[in-house]
Each structure stands twice: as structure tokens, then as C-alpha cells.
Amino acid sequence: MNLWGWIVLACVAAWALKFVGYLVPVRWMESARMNRVAGALTIGLLASLTTMNAVSAGQGIVLDARIGALLAAGVALALRLPFLAVVVLGALTAALLRLL
């Protein structure tokens, strides 16, 4: 199969998955258990994406200024600083660590 075949197949699969979501009964989605599962999946996915972006470069693991920026942002979040301050502190930390 060529590239366009794979693209069409991916589009059909994405559409089918979204369509199946409309077929799920509403009472299943409104349960407390589903809310806990959805919350846990969201947090887990965000944490894994953040970790992978912080320590990966291509196929390898790299420990560089991104780790320091992530730690600074984590401390800022723990101190309950506004989101803009968290982003700015993370960026400043990364910039300062890259200067070293």
C-alpha cells in the first residue's frame, strides 16, 4: 500500500473511533467511575508526554537544561504561582542552564 492508502486508512480509523464514541450510552459516561478513569488517563498522558519531551532527543535519552526547567516549573506549580509565572520561570531556568 502506498502513502495515500495509509493516510486514508488512518482517517477512516479516526472517524470510526470518534463515531463509536457517539454510540456509548450517556449513563456510562456520567458515572463517577468513568470520571475517575478519564481524569487518571488525562493526567497520566500529560505526565508521560512531558517526561518524554524533557528527556528525549531522537532515539536517545538526554539530560540537559530541559530537566532543570521542568524542575523549576514543578517548584513554581507547588508554590501555586500563576501559570504565566511558571512558564517564564521554566524558560529562564532553561536559558540560564544553557549559558553554563
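Not a single ring pair (Phe, Tyr, Trp, His ring centres under 6.0 Å) links Trp6 to another residue, sequence neighbours left out.
For Met1, the CE atom counts as densely surrounded, since its 6.0 Å shell holds more than 12 non-hydrogen atoms of other residues, nucleotides or ligands.
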Side chains of residues 61-73: which donor-acceptor partners sit under 3.5 Å, not counting sequence neighbours?
from: Asp64; atom 1: OD1; to: Arg66; atom 2: N; distance (Å): 3.1
from: Asp64; atom 1: OD1; to: Arg66; atom 2: NE; distance (Å): 3.2
from: Asp64; atom 1: OD2; to: Arg66; atom 2: NE; distance (Å): 3.4
from: Arg66; atom 1: NH1; to: Asn53; atom 2: O; distance (Å): 3.0
from: Arg66; atom 1: NH1; to: Ser56; atom 2: O; distance (Å): 3.2
from: Arg66; atom 1: NH2; to: Ser56; atom 2: O; distance (Å): 3.2

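Put simply, CG on Leu89 and OG1 on Thr93 are 6.0 Å apart, with the number rounded to the nearest 0.5 Å. For the atom pair Leu92 CG and Leu97 CG, the distance stands at 11.0 Å (nearest 0.5 Å).
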